[in-house]
Visitor: 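Mind looking over this structure? Questions follow.
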Amino acid sequence: MRVFNAKPDRPYLESWLRRTRKQLAGSGRLSEVALILSREEGNTAAYWSSYIREILELEATPSLELLTKIDAILAKPVKAEEGQETPPLF
């Protein structure tokens, strides 16, 4: 007897979730992404924060466009707070 998995095969989403959960684990990263999305896409930062949490908990299925946008936001370096110098890269 063969058992079928009811969950669709989504290897890209699964790897995106693993990677993004790690990146958003840092303090304030989820809030930062939510704020940027609210400025670029509309809605409030609270809406985006909640929606991203739903995605990470597999309660919502995002579009590929949104996943790509979140990846692009996370790929940008975190800006140092004003008044703090960034260490040299050499």
Side-chain angles (χ1 to χ4, degrees):
M1 183 162 130
R2 189 168 186 185
V3 178
F4 292 96
N5 187 357
K7 187 172 108 177
D9 185 27
R10 303 176 295 191
Y12 177 79
L13 179 60
E14 296 302 320
S15 64
W16 183 89
L17 286 168
R18 279 191 303 275
R19 182 179 67 251
T20 305
R21 284 178 182 135
K22 288 178 186 175
Q23 290 176 309
L24 293 177
S27 179
R29 288 295 280 166
L30 177 62
S31 297
E32 177 187 10
V33 171
L35 183 61
I36 292 169
L37 286 172
S38 72
R39 289 179 183 160
E40 294 180 358
E41 301 294 319
N43 282 317
T44 64
Y47 164 83
W48 284 109
S49 182
S50 176
Y51 186 59
I52 292 169
R53 282 190 187 100
E54 289 175 10
I55 293 168
L56 296 175
E57 297 299 321
L58 299 173
E59 296 171 1
T61 304
S63 67
L64 185 58
E65 180 183 351
L66 179 59
L67 297 183
T68 305
K69 183 173 278 285
I70 292 171
D71 274 345
I73 293 168
L74 290 171
K76 293 179 184 175
V78 178
K79 293 181 181 178
E81 290 185 29
E82 223 174 284
Q84 291 183 343
E85 291 185 28
T86 54
L89 297 175
F90 54 93

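These numbers were taken from a predicted model, which means no experiment stands behind them.
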Visitor: Answer yes if Ile36 and Trp48 sit in the same cluster of Ile, Leu, Val, Met, Phe, Trp and Tyr residues linked by side chain heavy atoms under 4.5 Å apart, and no otherwise.
Guide: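 Same cluster.
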Visitor: With a 4.5 Å cut-off on side-chain heavy atoms, are Leu24 and Leu74 touching?
Guide: yes
Visitor: Run the side chain to side chain contact (heavy atoms under 4.5 Å, CB included) check on Asp71 and Arg19 step by step: do they pass?
Guide: CA-CA 10 Å; Asp71 274 345; Arg19 182 179 67 251; 3.1 Å; yes
Visitor: Just to verify, which of Leu66, Asn43, Thr44 counts as forming a side-chain contact (heavy atoms from CB on, under 4.5 Å) with Leu37?
Guide: Leu66
Visitor: To the nearest 0.5 Å, what is the distance between CD1 on Ile52 and CD1 on Ile70?
Guide: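 Atom-to-atom, Ile52:CD1 and Ile70:CD1 are 4.5 Å apart.
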Visitor: Specify whether Tyr51 and Tyr47 have parallel, tilted or perpendicular ring planes, treating 30° as the upper limit for parallel and 60° as the lower limit for perpendicular.
Guide: parallel
Visitor: Could you tell me whether Glu40 and Lys69 have a side-chain N and a carboxylate O separated by less than 4.0 Å?
Guide: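 Yes.
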Visitor: Test of understanding: clusters of I, L, V, M, F, W, Y form through side-chain heavy atoms closer than 4.5 Å, transitively. Do Leu17 and Leu30 belong to the same one?
Guide: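 Yes, it is one cluster - the side chains of Leu17 and Leu30 are joined through contacts under 4.5 Å.
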Visitor: With rounding to the nearest 0.5 angstrom, report the CD to CD distance, Glu65 to Glu41.
Guide: 6.5 Å
Visitor: Which pair of non-hydrogen atoms, one from Ser38 and one from Ala45, has the smallest distance, and what is that distance?
Guide: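 Minimum heavy-atom separation between Ser38 and Ala45: CB-N, 3.6 Å.
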Visitor: Can a side-chain donor-acceptor contact be found between Arg53 and Ser49 if the only test is distance below 3.5 angstrom?
Guide: yes
Visitor: For the hydrophobic clusters of this structure (ILVMFWY residues joined by side-chain heavy atoms under 4.5 Å, transitively), does one cluster hold both Trp16 and Ile73?
Guide: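 Same hydrophobic cluster.
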Visitor: Main chain of Leu64, side chain of Thr68: is a donor-acceptor contact present, judged purely on distance under 3.5 Å?
Guide: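 Looks like yes, one N/O pair under 3.5 Å.
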